[in-house]
Every structure is written in structure tokens, then in C-alpha cells.
2 protein chains.
Amino acid sequence: MAADEAATPVKRPRVTAEREREVLAATLQALSDTGYEALSMEDVAARAHCSKATLYRLWHNKAGLVSAAIRSSGPVRPAEVDTGSLRGDLITVAERLAQHATEDSRLYAALSHAILTDDELASAVQTALFRPDTEHVMRFIDRAVERGELTHRPAAADFLPQTMRSLAMSRPALDGTLLDSDYLARFIDDWVMPALLHT
Amino acid sequence: MAADEAATPVKRPRVTAEREREVLAATLQALSDTGYEALSMEDVAARAHCSKATLYRLWHNKAGLVSAAIRSSGPVRPAEVDTGSLRGDLITVAERLAQHATEDSRLYAALSHAILTDDELASAVQTALFRPDTEHVMRFIDRAVERGELTHRPAAADFLPQTMRSLAMSRPALDGTLLDSDYLARFIDDWVMPALLHT
DNA sequence: ACTCGATGAAACACTTGCGTTTCATCGAGT
DNA sequence: ACTCGATGAAACGCAAGTGTTTCATCGAGT
């Protein structure tokens, strides 16, 4: 029995850690469905199958819970992409964006007003959701330069991550359609690649 | 005294129409500040200096009031832009976007989650806010083609309005800074113009 | 000056949510 | 088997919002 417990140096925390992730996942779900302002602790408790008391024991209030939930969604790192060509890399990441467009855009929409006034929330969204993505895309550019596919880091590269991200986030709202990968592929071929190649 | 009343063929409605616009303007203000879900009728009534009873007499509920407010913001047409060059037109409209970036992005953020589920709201936002803007920008392209500045309507043009709009909407949220005109100029020169000129 | 419909202020009943507290129960370590 | 800290269920007081209703007042048309 020593072997059983050797895997868990700390007594109970590990069980709590699993549970915590479940609760935070339920929080993100509720957030997407309800929006930040209308999110209720009772709803989260029901989805997470835990009591409201437990929520308040672990986090102080709604803001804390939501911030924690957002930060917890960060470490889910996407597999590294390296197709050998800049266009291939971009298309791949675009398809990935399109796959998650529904959930992602709902989550972002749920938070977009709240982050304008809540600084902690804003930094959570920024570091957990946007920064990794931005760095990810920027690596494509650097690799393309190393390969000689681009002669230098184009000025347009500064706008690439934000544009892709904000297009993915706001297109559903703008015209009621979801992002499909065809649309993004056209964007890459008709806009992104020409801009990168000619600056 | 016949002259005084000659200006008002209808008895009271005209007075109500002015008042209505004030109330709807107050609604938009409250919406930007509070967000759609947390918007309260009491808040609107206080800002508009009218009673809650009046709000419910003129509109049936919150959804109706907000939709009306959004539609009322449509007719405020921006002055037509025509600087003689595509770049000039784009810079001008970009600066105009930047000027209103704070209020506009707050308003959009306030609505972005609600429009995912409320169809009437979605169509109000689309027709009143986005469609006029899109047509406006598209006219730049057409004129540039007529002038011979572009040999044809570039494929990238399809993405231009959405790209500009979504940047204006989401950049404040993404990195906490507002749009300034230097940034926008770089955006046009390094990102938009190359894409338009090389497709 | 008078009338009458529209308005504002305020209270209404009702619902919902927050954050706290109480208490019975459960389950891991001894 | 026993103990003790953590949990879930449920109720709490409090605050806020919805949509309605009442009533006093105001102001435009006669």
C-alpha cells in the first residue's frame, strides 16, 4: 500500500485538483451560454454538481471564479504546427480556428464587455487566450524567414494574429454565419499571403 | 399664432418624437456602460429623466426598447468621404473609426453576446450599424477602380470592411489600448494597401 | 378658465441572485 | 470502528430588477 500512496505525496489536494478542473470547465460552459453579467453561481453549481457553498469556499466571488476558469483554459496547449510552408501553417491554424469557432466566439462574446471594466478579467483573457495564440502565429513567420521563404520579417506580420483572431471572433456576429474553413482559406490566399509577401 | 401651429400639422406626436430620440439616446448610453444583460429599465428611466411607466407605455419590454434604440442610431449617416485617392479615403475612415472607437467598441461589446441568441437584436445591429458601413467602404474600392487606381476589384476587397470593423471593435479588448491614428496609418499602409494592390 | 389625456413618482407583488450560515452526511486516515 | 475535516442541501437576509398599478399633477387644445 505504500506504492499506492507514493503517487500522491500530498494528502487530498490531488482529488481536489481534478474536481476543480471540472468545476472550472462547467464555469466556462455556463459563461458561454449565459454571458458574464447574467452568469449565476447557482447555475454553475448545478452544472458542476456541487454546492454553492463549495464555490464560495474555493473562490471568493463570481469574478474570482470566472478569472480562474479562464486561466485554467490556458494550459490546454494546441499541438505545435509545422507543415513546412508558411501557407500550410496558416491554413492549418485557420482550420483549427474554424473548428472551435462556435464555442470560442460565444465565450469571447460573453466576456467582451466585462473585460472593458474588470482589469483582472482582462488580463486573464489576454494572457490565457490571446497571447499564446499570438506567439504561436508569430513563430510561423520566424520559421518562414529562417527557411528563406520570406526575405525578412514583413511589417504586415504585426497585424496578422489580431486580424485573424478578431475575424474569427466577430464574423458570426457581423453577418450571422459561422466561420468555415473555406472562408478562412480565401482570406489567407487573397489577403494574408499577398500582404506578407509585399511588405 | 396660426404661424406657430402651422409648423406642427400633427398635434402632439412631434414633441413625442423628440423626446423619444432622447430616451433612445439615453438607452444607448446605458447600454454601453452597463452591457445588455445588466441593463435595467430603472437606469434608463433615470438617465432619460422619465418614469419607468412611460418606458413600458412606449415599448413593451427591454428587448423592444434596445432594438428601437439601435435602429434609431442608424440614420445618423456619416458624411461622405472622397479624398481623391484610395489611401486617403481609407485613412480618413480609419481616423473616424478611431475617434469613435471607445464608444463604439463598448456598444458592440455590450451587444455581442446578446445578438447570438436574439434574432431581432441581431438584425437591428446588422442593418443599423454594420451594413451602412460596409457599403460605405465598398464605394471606395469602386471609385478607385473607376479612377484607374486599381485595375480591377481585388479579391481582398471582400474582406476589407470586416477586417477594419473587427479591428476597431476588438483591439481595445485585445491589448487594452485604444486605436490611435499612427497605428491606423500603419495598419492601412502595411496591411490593407498591400493586400488590395497585389490581388 | 376648463377639460382631459399623458406624464412622473412611488409603491406594488413577484422573481432572481448574492454571499452566508446551519446542519446532517460522507469518506479518508488512524 | 472512530474521528474529523470537507462536502451538499437548504434556508437565510438582503439587494436589485421586472412589469403593473395607483394617484396626483401638468400642459396642450377648446
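Throughout, a chain's letter reflects where its sequence line sits, starting with A, and its residues are numbered from 1.
If you measure from atom CH2 of B:Trp59 to atom C1' of D:dT20, you get 18 Å, rounded to the nearest angstrom. In this structure, A:Leu58 places its CG atom 10 Å from C1' of D:dA6, rounding to the nearest Å. Across the protein-nucleic acid pair, A:Glu22 atom CD and D:dT7 atom P stand 13 Å apart, rounded to whole Å. Protein atom CD of B:Glu42 is 12 Å distant from nucleotide atom P of C:dA10, rounded to whole Å. D:dG17 atom P lies 12 Å from atom CE of B:Met41, rounded to whole Å. To the nearest angstrom, P of D:dA6 lies 18 Å from CD of A:Glu18. Whole-Å rounding puts the A:Arg19 CZ to C:dG27 C1' distance at 14 Å. As rounded to whole Å, 11 Å separates atom P of C:dG19 from atom CG of A:Leu65.
Taking the nucleotide of DNA chain C with the nearest heavy atom to each of A:Ala53 and A:Leu39, the more 5' of the two is matched to A:Leu39. Residues B:Ala48 and B:Lys52 each lie close to DNA chain C; by heavy-atom proximity, the contact nearer the 5' end of the strand is made by B:Ala48.
B:Ser72 has its side chain out of reach of B:Arg21: every pair of non-hydrogen atoms, C-beta onward, lies at least 4.5 Å apart.
At D:dG8, one or more side-chain N or O atoms of A:Thr54 fall inside 4.0 Å of OP1 or OP2 (strictly under the cut-off). For B:Arg57, no side-chain nitrogen or oxygen approaches OP1 or OP2 of C:dG5 to under 4.0 Å.
A salt bridge links B:Arg47 to B:Asp33: one of the charged nitrogens lies within less than 4.0 Å of a carboxylate oxygen. Residues B:Glu149 and B:Arg143 are not paired through a salt bridge, judged by the lack of any N-O separation under 4.0 Å between the basic side chain and the carboxylate.
Base-pair partner of C:dC18: D:dG13 (Watson-Crick or G-U wobble, both distances under 3.5 Å). Taking a pair to require two hydrogen-bonding distances under 3.5 Å in either a Watson-Crick or a G-U wobble arrangement, D:dC26 pairs with C:dG5. Base pairing analysis places C:dA11 opposite D:dT20; the two distances defining the Watson-Crick or G-U wobble pair are each below 3.5 Å.
The side chain of B:Lys62 lies closest to D:dT18, out of C:dG8, D:dT18, D:dA9.
No more than 12 heavy-atom neighbours from other residues, nucleotides or ligands sit within 6.0 angstrom of NE2 on A:His60.
Among the heavy atoms of the strands, none lies under 4.0 Å from A:Leu55.
Between the side chains of B:Thr83 and B:Asp89, at least one donor-acceptor pair of N or O atoms lies under 3.5 Å.
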